[in-house]
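Contents: one structure, followed by commentary.
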Number of protein chains: 2
Amino acid sequence: MAQERSTRQRKAIEQALTRADRPMTPEELLALAQAEVPRLGIATVYRALKDLRDEGAVVAVEVPGHPTCFETAHRGHHHHFHCRSCRKVYEVQGCVHGVHGIAPKGFRVEDHEIVLTGVCAACAAR
Amino acid sequence: MAQERSTRQRKAIEQALTRADRPMTPEELLALAQAEVPRLGIATVYRALKDLRDEGAVVAVEVPGHPTCFETAHRGHHHHFHCRSCRKVYEVQGCVHGVHGIAPKGFRVEDHEIVLTGVCAACAAR
DNA sequence: GTCGTTGCAAAGCGTTTGCAGCCTA
DNA sequence: TAGGCTGCAAACGCTTTGCAACGAC
């Protein structure tokens with residue numbers, strides 16, 4: 001059966017993900033990883049992300065009007081902020097109590113995601 | 001400048017949206033509206049949704065791994081539940097306090113969305 | 001040497017757009 | 001009648017897949 005091999009391209013992609021302090025789009029990861037592997041193609045990025053997702057090492061973050069972002073899974077519980085000015089997605093530490101309590105009777109809640117929308121500090125300063 | 005006209009197809013799409021008790025995908029809306037207008041095309045659904053969104057009458061709901069859904073805007077403040085079994089997106093009444101408080105200093109929060117993930121009542125019963 | 005991985009290009013899928021004819025106001 | 005709206009098909013952007021060459025083990 002399938003074995004995961006450690007290749008230069010995969011290492012470059014994983015490194016780009018690990019170093020990022022916010023969720024990254026596949027295109028952003030491609031640009032970063034190409035510093036290591038110039039001939040890297042976007043398909044390889046998508047394939048690596050798919051494998052990493054299957055292993056549970058990265059998770060997808062999706063916000064309306066923005067291409068899907070990816071981040072490493074083991075960053076502790078946190079949420080996201082979407083700046084409507086620069087369109088970047090940021091990580092937000094912390095959570096709130098009682099989130100699971102709003103589900104209707106009979107619904108089994110296993111996880112939750114909170115996405116704040118507004119203007120980030122950098123954009124608000126301008 | 002542009003005037004909005006009331007057509008059979010637009011009425012059918014709005015009606016499908018209004019009657020739904022959960023966010024609907026464009027394909028679902030097409031299927032429902034075709035009961036009224038059999039020759040209705042998907043492009044018309046997208047155009048109607050775009051116009052309705054511009055007027056603020058409908059909003060998009062996006063959850064990872066699911067096509068974009070749409071719901072009417074004037075349903076009061078609520079959130080969503082994504083069933084990982086049947087993949088449907090449900091409406092969830094209620095909210096929690098302190099959600100905006102988790103944003104970092106300098107970030108201006110204007111809105112928020114909460115998406116619960118798990119198994120809906122119908123699927124859990126099976 | 002084996003077989004998973006890669007880069008390239010083509011295919012897929014959801015969404016948008018161009019266009020000629022239609023229909024509301 | 002004017003000009004927005006429609007259905008169709010082509011175009012679009014993001015993502016996945018087929019394939020032959022490549023390279024990790």
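Bear in mind that the values here come from a model prediction, so they are computed numbers and not experimental data. Proteins get letters first, then strands, A, B, ... in listed order; numbering begins at 1 in each. We use all heavy atoms of the structure for the numbers below, so side chains are in, but hydrogens, waters and symmetry mates are not.
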Separation of [N] [atom2] from [X] [atom1] (nearest whole Å):
{"X": "A/Ile42", "N": "D/dG13", "atom1": "CD1", "atom2": "C1'", "value": "12 Å"}
{"X": "A/Leu49", "N": "C/dT5", "atom1": "CG", "atom2": "P", "value": "14 Å"}
{"X": "B/Glu27", "N": "C/dT16", "atom1": "CD", "atom2": "P", "value": "13 Å"}
{"X": "A/Lys11", "N": "C/dG4", "atom1": "NZ", "atom2": "C1'", "value": "15 Å"}
{"X": "B/Glu62", "N": "D/dC14", "atom1": "CD", "atom2": "C1'", "value": "12 Å"}
{"X": "B/Asp51", "N": "D/dC5", "atom1": "CG", "atom2": "C1'", "value": "10 Å"}
{"X": "B/Glu36", "N": "D/dT6", "atom1": "CD", "atom2": "P", "value": "15 Å"}
{"X": "A/Leu29", "N": "D/dC14", "atom1": "CG", "atom2": "P", "value": "14 Å"}

Within the pair A/Arg39 and C/dC8, is there a side-chain N or O less than 4.0 Å away from OP1 or OP2?
yes
Is A/Gln9 near enough to C/dG7 that one of its side-chain N or O atoms lies under 4.0 angstrom from OP1 or OP2?
yes
Contact list for residues 47-57 of chain B, test side chain to side chain donor-acceptor pair (under 3.5 Å), sequence neighbours left out
B/Arg10-B/Asp51
Where along nucleotides 17-25 of chain C does protein come under 4.0 Å, by heavy atom, of base (B) or sugar-phosphate alone (S), with - for untouched nucleotides?
BB----BBS
Pair B/His100, B/Glu110 - check side-chain hydrogen bond (donor to acceptor under 3.5 Å, both in side chains), show working.
CA-CA 8 Å; B/His100 289 204; B/Glu110 295 170 348; over 6 Å; no
Would you mind listing every salt bridge (Lys or Arg N to Asp or Glu O under 4.0 Å) that reaches into residues 30-41 of chain B, with sequence neighbours excluded?
none
As a test of understanding, state which of B/Gln93, B/Glu113, B/Glu91 forms a side-chain hydrogen bond (donor to acceptor under 3.5 Å, both in side chains) with B/His79.
B/Glu113
Please work out if A/Leu40 contacts a base, only the sugar-phosphate, or nothing of the nucleic acid, heavy-atom cut-off 4.0 Å.
sugar-phosphate
Verify same cluster id: B/Val37, B/Met24 (apolar side-chain graph, 4.5 Å)
yes
Co-membership, hydrophobic cluster, residues A/Val92 and A/Val96, 4.5 Å side-chain:
yes
Using heavy atoms to find the nearest nucleotide of DNA chain C for B/Pro26 and A/Ala48 separately, return the residue whose nucleotide is more 5′.
A/Ala48
Answer yes or no: does atom NE2 of A/His77 have more than 12 heavy-atom neighbours from other residues, nucleotides or ligands under 6.0 Å?
yes
